[in-house]
Number of protein chains: 2
Amino acid sequence: MNKLNQREVQNLGFLLNFPFHWTGMQRRTSKRVWETRYVVKKMRIPEATVMRLAVYSRLLENLQKRDIVTTSSGDIAEGAGVSPAQVRKDLAYFGEFGTRGVGYNVEELCGHVRRILGLNQKWPSVLVGAGKLGSALALYEGFNIRGFHIVGVFDVDPNPIGNRFGSIKVLPMEHLERVIKKENVRIGIITVPAVAAQEVGERLVKAGVKAILNFSPHVINLPADIIVRNVDFSLHLEVLAFNLTFELTECEDVGV
Amino acid sequence: MNKLNQREVQNLGFLLNFPFHWTGMQRRTSKRVWETRYVVKKMRIPEATVMRLAVYSRLLENLQKRDIVTTSSGDIAEGAGVSPAQVRKDLAYFGEFGTRGVGYNVEELCGHVRRILGLNQKWPSVLVGAGKLGSALALYEGFNIRGFHIVGVFDVDPNPIGNRFGSIKVLPMEHLERVIKKENVRIGIITVPAVAAQEVGERLVKAGVKAILNFSPHVINLPADIIVRNVDFSLHLEVLAFNLTFELTECEDVGV
DNA sequence: TAGATTGTTAATCGATTAACAATC
DNA sequence: TAGATTGTTAATCGATTAACAATC
């Protein structure tokens with residue numbers, strides 16, 4: 001590999017269009033000659049940062065609707081319930097979007113955040129499991145608004161087959177692979193009972209799905225390159241219940 | 001306050017039944033006399049730990065169903081997709097539940113985890129917003145199974161009023177406060193559109209609700225002692241979308 | 001005792017925050 | 001220039017992990 005200097009490494013990062021950091025390492029090539037190699041590392045973005053960015057994007061959309069032109073890290077922080085430093089840090093992973101002394105242009109920043117999150121494109125998705133929850137999700141407008149179009153709903157049970165959700169109808173599992181290929185689906189949503197979740201997950205991955213939103217209470221084991229999010233509702237209720245019981249025995253610093 | 005020694009402070013923590021740590025602080029009371037005060041502090045449990053405990057409880061219930069008597073941190077870790085050290089650490093916040101050299105008794109540990117999470121009691125809850133999502137949630141058995149009983153469904157819209165979900169029917173908002181008081185409800189679930197979320201949240205809190213599961217895409221601002229979890233689905237889809245786009249530009253450490 | 005597994009410590013890793021220089 | 005707000009650094013805070021003594 002060629003030797004690059006700091007400036008060239010930075011430019012490389014910019015060209016490749018990803019958040020990065022570089023480190024210089026000195027190495028002795030002969031008794032008196034030291035060589036400095038620069039290494040570009042892709043920066044790991046904390047998951048919490050991504051979640052917050054999704055919240056910021058909502059706030060920015062609201063500001064846009066209300067025709068507000070300029071905002072600040074303080075405003076955003078207040079709306080999202082975090083600190084202004086946090087907001088600036090989150091954004092700093094991806095670039096410089098503001099003007100010192102002035103703030104951020106709402107429309108511009110909104111566009112940047114949406115681009116970062118990948119919301120400037122359509123995400124065709126499939127949903128497996130047309131039970132109560134699956135049906136509600138298939139009809140949920142919230143997904144469409146943000147670019148997540150459910151292009152196929154599937155079920156093993158012959159009962160719901162043929163039911164319509166808007167323009168799409170429930171299909172038997174045999175068609176799963178065909179639809180995924182045809183529509184270039186990369187996101188799968190699982191709303192089947194716990195026992196079937198693992199099997200469905202594996203089948204989705206085999207058919208080409210790269211990311212899975214798992215609503216079933218079963219944790220799925222899939223290859224490391226597949227992105228899985230477990231979003232079982234009762235998990236959240238349990239965290240609430242824990243906090244409620246735990247608060248009861250709460251005890252401020254007790255000097256004794 | 002009385003002066004206690006280390007041992008007494010530890011006992012106090014055990015008596016009050018919470019995870020704690022203590023620290024000794026020395027203070028000069030007169031020119032030559034130093035006094036040591038011990039301070040009990042409630043241990044902060046990481047939210048990630050609570051989420052994982054909820055996952056462990058599901059795995060343990062599965063093992064119980066399959067009549068498996070003994071398990072290990074390794075087994076649990078594999079099922080939950082975390083490290084064995086993580087499992088042991090998570091449990092260690094709350095006590096010693098295993099036997100060295102042997103492992104954990106499934107039934108026993110399951111009981112402990114359920115008690116820690118507060119699942120050994122009933123949690124009457126109300127749901128505001130009887131739209132598509134609200135209806136699906138009202139019918140979702142997953143909640144009942146884990147002790148979360150929806151005792152009231154409410155809506156401002158007169159259309160769904162009177163609809164039945166199992167044994168309960170949709171009531172107008174006027175009855176909200178009455179039901180919350182009568183059933184001693186401490187958990188509220190919000191499935192109203194974004195614009196109404198803040199108002200509904202405030203009304204729930206005023207009526208006595210202590211914890212809120214917010215499915216609307218709007219972040220609610222409530223008093224600090226109220227526990228709020230925002231669980232907008234598309235938030236999760238956006239994290240998936242980010243990871244999918246981000247992966248595309250992924251780049252291993254590049255030596256240059 | 002040998003093998004296994006827990007509970008706990010210290011080291012490591014990573015995220016948040018306070019503070020401030022840079023800038024409008 | 002004075003006031004305001006960003007972008008970035010270093011310090012702090014907190015969570016995870018590797019390793020091992022304790023124990024069956």
Side-chain angles (χ1 to χ4, degrees), chain A residues 6 10 13-14 19-23 41-53 55-56 60 63 68-78 80-106 108-109 112-113 116 239, chain B residues 10 13-14 19-23 41-53 55-56 60 63 68-78 80-106 108-109 112-113 116 239 253:
Chain A
Q6 287 184 12
Q10 292 211 347
F14 280 123
F20 69 98
H21 58 169
W22 55 266
T23 43
K41 286 200 178 199
K42 176 144 193 184
M43 197 165 273
R44 220 192 130 274
I45 309 295
E47 186 177 295
T49 289
V50 182
M51 290 288 273
R52 283 191 298 264
L53 283 173
V55 174
Y56 304 159
L60 290 167
L63 293 179
I68 290 165
V69 178
T70 307
T71 189
S72 67
S73 58
D75 292 345
I76 301 172
E78 206 189 335
V82 299
S83 72
Q86 181 83 80
V87 173
R88 295 202 296 277
K89 180 76 176 171
D90 286 339
L91 294 173
Y93 283 111
F94 301 96
E96 305 190 2
F97 307 121
T99 310
R100 294 170 191 223
V102 178
Y104 302 93
N105 177 288
V106 171
E108 222 176 279
L109 184 58
H112 280 302
V113 174
I116 291 165
V239 176
Chain B
Q10 292 212 347
F14 279 122
F20 69 98
H21 58 168
W22 55 265
T23 43
K41 285 200 178 199
K42 175 145 195 184
M43 196 166 275
R44 220 194 131 274
I45 308 296
E47 186 178 295
T49 289
V50 181
M51 289 289 272
R52 283 192 297 265
L53 283 172
V55 174
Y56 304 159
L60 290 166
L63 292 178
I68 291 165
V69 178
T70 307
T71 188
S72 68
S73 58
D75 292 346
I76 299 171
E78 206 188 335
V82 298
S83 72
Q86 181 83 81
V87 173
R88 296 202 295 278
K89 181 75 176 171
D90 287 337
L91 295 172
Y93 283 110
F94 301 95
E96 305 191 2
F97 307 120
T99 311
R100 294 169 193 225
V102 178
Y104 302 93
N105 177 287
V106 171
E108 221 175 280
L109 184 58
H112 281 300
V113 174
I116 291 166
V239 177
D253 298 0

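The sequence lines fix the lettering, A, B, ..., with proteins before strands; numbering per chain opens at 1. Just so we're clear, the structure is a prediction, and the values are computed from it rather than from any experiment.
Annotation: side chain of B:Asn105 is not in contact with side chain of B:Thr71 (no heavy-atom distance under 4.5 Å). At least one side-chain heavy atom of B:Phe94 sits less than 4.5 Å from a side-chain heavy atom of B:Leu53. Residues A:Thr70 and A:Val106 fail the side-chain proximity criterion, which asks for heavy atoms closer than 4.5 Å. Inter-residue side-chain proximity for A:Ile116 and A:Leu91 is flagged as unmet; no heavy-atom pair is nearer than 4.5 Å.
Taking atom OH of B:Tyr93 as the reference point, atom C1' of C:dT9 lies 13 Å away to the nearest angstrom. Counting to the nearest Å, the P atom of C:dT5 and the CD atom of B:Gln86 are 19 Å from each other. For the pair A:Ile76 CD1 and D:dG7 C1', the interatomic distance rounds to 14 Å; values are reported in whole Å. Distance NZ (A:Lys89) to P (D:dA11): 14 Å, rounded to an integer number of Å. Atom CG in A:Leu91 sits roughly 11 Å away from atom P in D:dT8 (whole-Å rounding). C:dA15 atom P lies 9 Å from atom CD1 of A:Ile45, rounded to whole Å. Between the CG atom of B:Asn105 and the P atom of C:dT5 there is a distance of 16 Å, given to the nearest Å. At whole-Å resolution of the value, CG in B:Asp75 and P in C:dA4 are 14 Å apart.
For D:dA4, the OP1/OP2 oxygens have no side-chain nitrogen or oxygen of A:Tyr104 closer than 4.0 Å. For A:Ser72 and D:dT5, the shortest distance from a side-chain N or O to OP1 or OP2 is not below 4.0 Å. Contact annotation: B:Arg52 does not reach the phosphate of D:dA15 (side-chain N/O to OP1 or OP2, under 4.0 Å).
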Check nucleotides 18-21 of chain D against the protein and report each pair of N or O atoms closer than 3.5 Å, with its distance, or say if there are none.
residue, atom, partner, partner atom, Å
D:dA19, N6, B:Arg88, NH2, 3.4

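Each of C:dC24, D:dG7, D:dC24 was ranked by its minimum atom distance to the side chain of A:Glu96; first place goes to D:dG7. You'll find that the side chain of B:Thr99 is closest to D:dC24, out of C:dT6, D:dC24, D:dA15.
Scanning both residues, A:Phe97 and A:Glu108, for their nearest heavy atoms gives O-OE2, 4.3 Å. Closest heavy-atom contact between A:Tyr104 and A:Gly98: CD2-CA, 3.4 Å. Residues A:Ile45 and A:Thr49 approach most closely at CG2-CG2, 3.9 Å, considering heavy atoms. Minimum heavy-atom separation, A:Ser73 to A:Val87: O-CG2, 3.9 Å. Here the shortest heavy-atom pairing between A:Ala77 and A:Ser83 reads CB-C, 3.6 Å.
Base pairing in DNA chain D gives the following stems of 3 or more Watson-Crick or G-U pairs, range against range and under 3.5 Å: C:3-24 with D:3-24.
Both B:Gly95 and A:Pro46 lie near DNA chain C, and the one whose nearest nucleotide falls closer to the 5' end is B:Gly95. When each of A:Ala92 and A:Gly101 is assigned the nucleotide of DNA chain D bearing its nearest heavy atom, the one mapping closer to the 5' terminus is A:Gly101.
For the pair A:Thr99 (side chain) and A:Val102 (backbone), a donor-acceptor distance under 3.5 Å is absent.
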